[in-house]
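One structure below.
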Amino acid sequence: MTPGNDRSGGFGPDLAEVFGPSQHDGGPELVQLLTPEGERVSHPEFSFGDGMTPAEEAEMIRGFYRDMVLTRRIDTEATALQRHGELGIWAQLLGQEAAQIGAGRALRPQDYVFPTYREHGVAWCRGVDPIELLGLYRGVDQGAWDPAKYNFHLYTIVIGAQTLHATGYAMGMQRDGAVGTGDPDRDAAVIAHFGDGASSQGDVNEAFIFAASYNAPVVFFCQNNQWAISEPIERQSRIPLYQRALGFGFPGVRVDGNDVLATYAVTQAALQRARDGQGPTFVEAYTYRMGAHTTTDDPTRYRLSDDVERWRLKCPIERTKAYLQRNGLADQAFFDDLSAEADELGARLREGCKNLADPSPLSIFDHVYAEQTPELEAQREGFAAYLDSFEGAH
Amino acid sequence: MTPGNDRSGGFGPDLAEVFGPSQHDGGPELVQLLTPEGERVSHPEFSFGDGMTPAEEAEMIRGFYRDMVLTRRIDTEATALQRHGELGIWAQLLGQEAAQIGAGRALRPQDYVFPTYREHGVAWCRGVDPIELLGLYRGVDQGAWDPAKYNFHLYTIVIGAQTLHATGYAMGMQRDGAVGTGDPDRDAAVIAHFGDGASSQGDVNEAFIFAASYNAPVVFFCQNNQWAISEPIERQSRIPLYQRALGFGFPGVRVDGNDVLATYAVTQAALQRARDGQGPTFVEAYTYRMGAHTTTDDPTRYRLSDDVERWRLKCPIERTKAYLQRNGLADQAFFDDLSAEADELGARLREGCKNLADPSPLSIFDHVYAEQTPELEAQREGFAAYLDSFEGAH
Amino acid sequence: MTKITLAKGLNMGLRKAMEDDPKVLIMGEDVGKLGGVFRITDGLQKDFGEDRVIDSPLAESGIVGTAVGLALRGYRPVVEIQFDGFVYPAYDQIVCQVAKMRFRSMGKLAMPMVIRIPFGGGIGAVEHHSESPEAQFAHTPGLKVVACSNPIDGYWMIQQAIACDDPVIFLEPKRQYHADKADLDEDAAPEPLFRSRVVRRGGDATLLAYGPTVKTALKAAEAASGEGRSLEVIDLRTLSPLDMAPVFESVRRTGHAVVVHEAHVNLGLGAELAARITEECFFSLESPVLRVGGFDTPYPPSRIEEEWLPDLDRVLDAVDRSLSF
Amino acid sequence: MTKITLAKGLNMGLRKAMEDDPKVLIMGEDVGKLGGVFRITDGLQKDFGEDRVIDSPLAESGIVGTAVGLALRGYRPVVEIQFDGFVYPAYDQIVCQVAKMRFRSMGKLAMPMVIRIPFGGGIGAVEHHSESPEAQFAHTPGLKVVACSNPIDGYWMIQQAIACDDPVIFLEPKRQYHADKADLDEDAAPEPLFRSRVVRRGGDATLLAYGPTVKTALKAAEAASGEGRSLEVIDLRTLSPLDMAPVFESVRRTGHAVVVHEAHVNLGLGAELAARITEECFFSLESPVLRVGGFDTPYPPSRIEEEWLPDLDRVLDAVDRSLSF
Ligand SMILES: Cc1ncc(C[n+]2csc(CCOP(=O)(O)OP(=O)(O)O)c2C)c(N)n1
Ligand SMILES: Cc1ncc(C[n+]2csc(CCOP(=O)(O)OP(=O)(O)O)c2C)c(N)n1
Ligand SMILES: [Mg+2]
Ligand SMILES: [Mg+2]
């Protein structure tokens, strides 16, 4: 090749042609086990239900369905609570239920989760009381649950920061001898959640490097919901995101994030690789943010409703329902009961939210350090005296 | 596949098997045009000398040889100057001459360079007086040359930071209409130098993302000299570094960084891609740091002399000399003249270094802002008066 | 004369700067179609194109780092950091590269960059959205740091900052974006950028404020006047360099000074102001300079942020303590 | 009793901490075989293995960010930042994550991490190798910041910092690593970590110093005593929280205070000390607190660094100005 003459020569084929653009979702690269129409399909590498009886399998899918319906209800209620002024803001997960439930249900108790601010479905799977999710958004706390109780870290708002925490935590598991022993109750892994936008942060790429370098047991689970607030995925990557991992020397796979069975199967396999001591995996759950970025966002300024309509046809809940119904795996009573359960949950959330009390002003000084410093004690006392001075005035 | 049973299934083949380990330098992936023994070999994609007459080609190779010999002399002299206390520290390039001269000579005047602290050979190609390189290491300045004069930015010491500057500068070229016009005197590109260690920094990976996203005309030129101070390349990547680029959606190529012809050919092609508007390329120049990290480092603490000996056989200068001699492309007079020229350069450097004057104490206050602020003016005056107060005392 | 909010003033100022100089670029997350989460860049991408109003990948170090390169190429990038708490990933580029470029190149390289940061609390947001990081930037030589407090300043100061050949950290009190309106006279001659301004005359004590606390200080002065106390209020406007002349003049007259900012008191701007005022006005001071600010704790959950933030009563309390010292 | 340098004291202290608690890990660039560029971790990887002395990829945010995860898993990471000027890529993780974890989790999560930073100038290095970033950390609630100044403190303070359940920014005056030797008594009872210490008694004025400037202050006091002036020297040791009691006691006695640090004067620790001393000792002060520090310019080329750094003469000059105010 004469340098400069043949424009593509020497550097291999045009990668955009090889990989296709970043928002392309067809083709064999997308792992799918349940079509938008609710048909089971098979995949050469991943499958769901192996080793289960049909009854067990149906039970599990009904469980996923229930999880998704209840998670959506939490989301809808919280959105309404924000509209009524009970929450300051809410980050909706509408449309991402299958990605979160599929990932969340693939976890074992000893695994550990590092969520973003939108992982309400994963929190549900970990047993966090949904009322505890509201505090941050109401402004009464910054996450009220005990991470150690659920192996579910507090929400992280600074984009990408938690992927490094996840990697470090996984390095800790290695040091604890909790990886690759072959004991299913002992071997553990970490899952790090993040978004398509987050993939551009230095921290996330450094997390890939550390995880690869130490072969840490961590699954990088990216919900590519196509948007980072107003910016489309094309701004962050020109090829499919899961390919990013290959350049760091570990596998990446794109799964249909609106397909709860496929997401479960892929995440479960990735977690098992990690637990077995085979290191990190990148899972790109290809999905769509059906709602606004948060309740303060106005997506009509930057995207077409056509897109949203197209994705509505891929609804993760509808396809699971169609599958269950078509195959007679759930009767009307199941759906009615679930509907009642959702209503109850909704009522409990509304009630619980309103009962979330404001913290006391003096709590400002709590937990800055393990023990109160003299400096802060003095500030606290000064502030207490100041507050007291109003007592008389009122 | 049953999740968790088949350990590699679903995630593709073992990448370490596909790509080989990061420090593996054989195989077809390494672009080489001149063997360590000084034999010309051909490569299916890259070649050197097309369109030139044999005389022109020989002239060019003699030029490269001269560049490498003089660059090495600069390095040796500076190392000696440090030993004699004339420099505070020096970052040696020993062994990396071909990588730097190959890259440096592939540049056009309108291209722009962002170096690290070790790009003395590239500086040489850009016409920077080597004496100007010494100031930073002597402690009399932080880079004395005018970057705009040579299109060669100041050295950057914070690892990786300059790769973002390079990308931004390239975005500026796009906005100036200096890319893809087809006019060889107008179309321009940027080259960003960095090391294997640097590839772990968030900034470098963000630079890849920005460059890919905007298709910026920038060549990421990584000298993989196998070491980041005491850390081997395996700590930063478990597969060959050039593969990193693929995950970001642009081409990567590994070239024999001790082969000046191959490095020239590959860099030149990558630059041309950029100038043509085809976006970024990653070039991994596979080489070896023959010296210490800097003159304050002691590599015997962390690496085997065997390795160094093995790499000595791949010397970039020796192989070029062997080629020139064996093919009768340079006579003894050429080598003698060059040797004399190197001695002269050495003498000029020693002399020039000693003449680099210390800055005046009051220069501390210069150029903090475009115009002096009243605050700094007051500090300056106070300090001037303070200094004056000693005049009498002495 | 047009009635404008601070948000509108900044938007108009940016537009004017882009019209006046084709080298001015805007970069940041969501600054394009969305117009930024606060709509400060509303309509600019539509009118100036995607090459001049650049939606960036989600990476703050990347934004500032590429802006450095654009500045070296002769552009004048105006970077938007979405919220104060997200400036830290870019901290290295700002402190080690942006701030030092002119000095280390001995004046050969300029860094005409504006980094706009919506700052301060009071909007009921979740964590990392209500920070006041100004002291850390003011401590860094090579950066200039300014804070606007009202719509008219917003309009002029952003243009002046863009015209400035030094990097400017431009702090915008996000709580005020839509709070008040003022009459803009586009033909008026603006005050220079690096000048503080006495915004209310008074003789009993001096209140020093900037950004969001200027309004608090003015309210406190108003309330105090009802009790027969006359407080002078200075809007500092420039935090680095500080413009101390009007401050010294005032404190020499009143003998009392109270600094009000939202940033943590410990090592906040108040510390520097107290130190300098005491050095220069030692014999005029009748009491030590007092500081009212955010407590030395992380920013609290928003339901109690108004307790954490300095308010009118805490300012008046400090004035009381100062006058009765 | 062993004669040790500061470097040796730190190395021995780290070793002791690792022996005492298997959860203690060391992380950083080149901390393994090389023992760190200053050899502070010399021999530790050999004796404690690669799992406990971890050479990291070249990425500071990655180091601190993964250390956060390790701390959440119950480890006690001790992070080495190679040079002061390279802490900034980790700034976001330190300020937004490390510092806030306990507060935001309402005490449920601890962050027992030590971030060791060789700091300060005077070693003839190139740019970014001589910075004094302490004020920026001290301004951040949730972090503790300490600076050692001598071999014995080095040995004890590093162990105490590792034992502390809060994150500690641990500043080591790199210029002193090999400068002086002192007798270590390993059976002595160490001073508590968060206490300042009067290191020389005197009655005419109080010098406040920490890290590298303690030695400068002591030399200045020695020189002054030759001229019949008796200066008290306090080694602050803890920069956040500050231990003001001995400072107030001293200044009430002397009526004069001079703060000496290498960091830029503007918004350096001296500002906070001046503000607090003036608040507490207003009627005892005979002159304003004066500050001697690095100028408000970027750190200069090393051939003139000794002009930039506060030295004995500049301290004495300030004492003169203070006493003749
Ligand atoms: C460091 C940082 N910068 C900016 C923000 C503001 N911000 C919050 S969410 C968001 C977009 C995130 O997009 P993505 O990662 O795709 O996650 P998604 O919200 O779509 O789930 C931005 C820019 C932030 N939280 N942190
Ligand atoms: C942000 C940052 N961290 C640490 C350092 C200290 N340091 C200087 S060079 C170096 C190793 C760089 O290795 P590499 O990128 O491979 O380049 P090489 O020196 O081999 O040319 C380190 C850690 C630095 N300069 N900047
Ligand atoms: Mg997204
Ligand atoms: Mg290297």
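Below, each value reflects all heavy atoms present in this structure, side chains not excepted, and no hydrogens, waters or symmetry copies. A note on names: the letters A, B, ... follow the listed sequences, proteins ahead of strands, and every chain is numbered from 1.
Chain B forms the most heavy-atom pairs under 4.5 Å with one residue out of D:S302, D:S61, D:P301, D:P298, and that residue is D:P301. Contact count against chain D (heavy-atom pairs under 4.5 Å) is highest for B:S230 among B:S230, B:S363, B:G160. The choice from D:R314, D:E29, D:E306 that makes the most heavy-atom pairs within less than 4.5 Å of chain B is D:R314. Counting heavy-atom pairs closer than 4.5 Å to chain B, the top-ranked of the candidates D:G85, D:A125, D:G124, D:S56 is D:S56. Put simply, of D:V126, D:D296, D:I123, the one with the most heavy-atom pairs under 4.5 Å next to chain B is D:D296. Counting heavy-atom pairs closer than 4.5 Å to chain D, the top residue among B:T373, B:D358, B:V368 is B:D358. Counting heavy-atom pairs closer than 4.5 Å to chain D, the top residue among B:G197, B:G88, B:S360 is B:G197.
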| task | May I have the step-by-step check of side-chain contact (heavy atoms from CB on, under 4.5 Å) for D:F295 and B:L376, ending in yes or no? | result | CA-CA 8 Å; D:F295 295 110; B:L376 272 189; 5.7 Å; no
| task | Could you check D:Q82 against B:I229 for side-chain contact (heavy atoms from CB on, under 4.5 Å), going step by step and ending with a plain yes or no? | result | CA-CA 11 Å; D:Q82 200 159 76; B:I229 309 187; 3.6 Å; yes
| task | Quick one: do D:D30 and B:Y302 satisfy side-chain contact (heavy atoms from CB on, under 4.5 Å)? Show the steps, please. | result | CA-CA 10 Å; D:D30 306 294; B:Y302 54 80; over 6 Å; no
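Between B:R301 and D:D42 there is a salt bridge, since at least one side-chain N of the basic residue sits less than 4.0 Å from a carboxylate O of the acidic one.
A donor-acceptor pair is defined here as one N or O able to donate and one able to accept, closer than 3.5 Å; such a pair exists between the side chain of D:R303 and the backbone of B:R138. For B:Q236 (side chain) and D:L58 (main-chain N/O), a donor-acceptor pair under 3.5 Å exists by modelled atom type. No donor-acceptor pair closer than 3.5 Å links the side chain of B:E231 to the backbone N or O of D:D55.
The contact between D:E60 and chain B is made by backbone and side chain atoms together, counting heavy-atom distances below 4.5 Å. When heavy atoms are compared at a cutoff of 4.5 Å, B:Y386 approaches chain D solely by way of its side chain, counted from C-beta outward. When heavy atoms are compared at a cutoff of 4.5 Å, B:A161 does not approach chain D at all. If you measure heavy-atom distances from B:S237 to chain D, you find no contacts under 4.5 Å at all. Proximity to chain B (any heavy atom under 4.5 Å) is restricted, for D:Y299, to the backbone atoms N, CA, C and O. For chain D, the nearby part of B:D297 is the side chain; its heavy atoms alone come within less than 4.5 Å. Heavy atoms of D:D317 lying under 4.5 Å from chain B belong exclusively to its side chain. Contact annotation for D:R39: only side-chain heavy atoms (C-beta onward) come within less than 4.5 Å of a heavy atom of chain B. Of the atoms belonging to B:I159, it is side-chain heavy atoms, and not backbone ones, that fall under 4.5 Å from chain D. If you measure heavy-atom distances from D:T297 to chain B, the contacts under 4.5 Å come from both the backbone and the side chain.
Residues B:I157 and D:H129 form a side-chain contact, since some pair of their non-hydrogen atoms from C-beta on lies under 4.5 Å apart. The closest side-chain heavy-atom distance from D:E307 to B:L362 is not below 4.5 Å. Between B:D203 and D:P89, every side-chain heavy-atom pair lies at or beyond the 4.5 Å cut-off. At least one side-chain heavy atom of D:I304 sits under 4.5 Å from a side-chain heavy atom of B:P359. The shortest distance between side-chain heavy atoms of D:H128 and B:T156 does not fall below 4.5 Å.
No more than 12 heavy atoms of other residues, nucleotides or ligands sit less than 6.0 Å from atom CD of B:E371. By the 6.0 Å contact criterion, NE2 on B:H84 is open, its count of non-hydrogen atoms from other residues, nucleotides or ligands being 12 or less.
Here the CH2 atom belonging to D:W308 is positioned 10.0 Å from the CZ atom belonging to B:F365, to the nearest 0.5 angstrom. Rounding to the nearest 0.5 angstrom, the gap separating the CD1 atom in D:I54 from the CZ atom in B:R235 is 9.0 Å.
The two residues B:S200 and D:A59 make their nearest non-hydrogen contact at O-CB, 3.3 Å.
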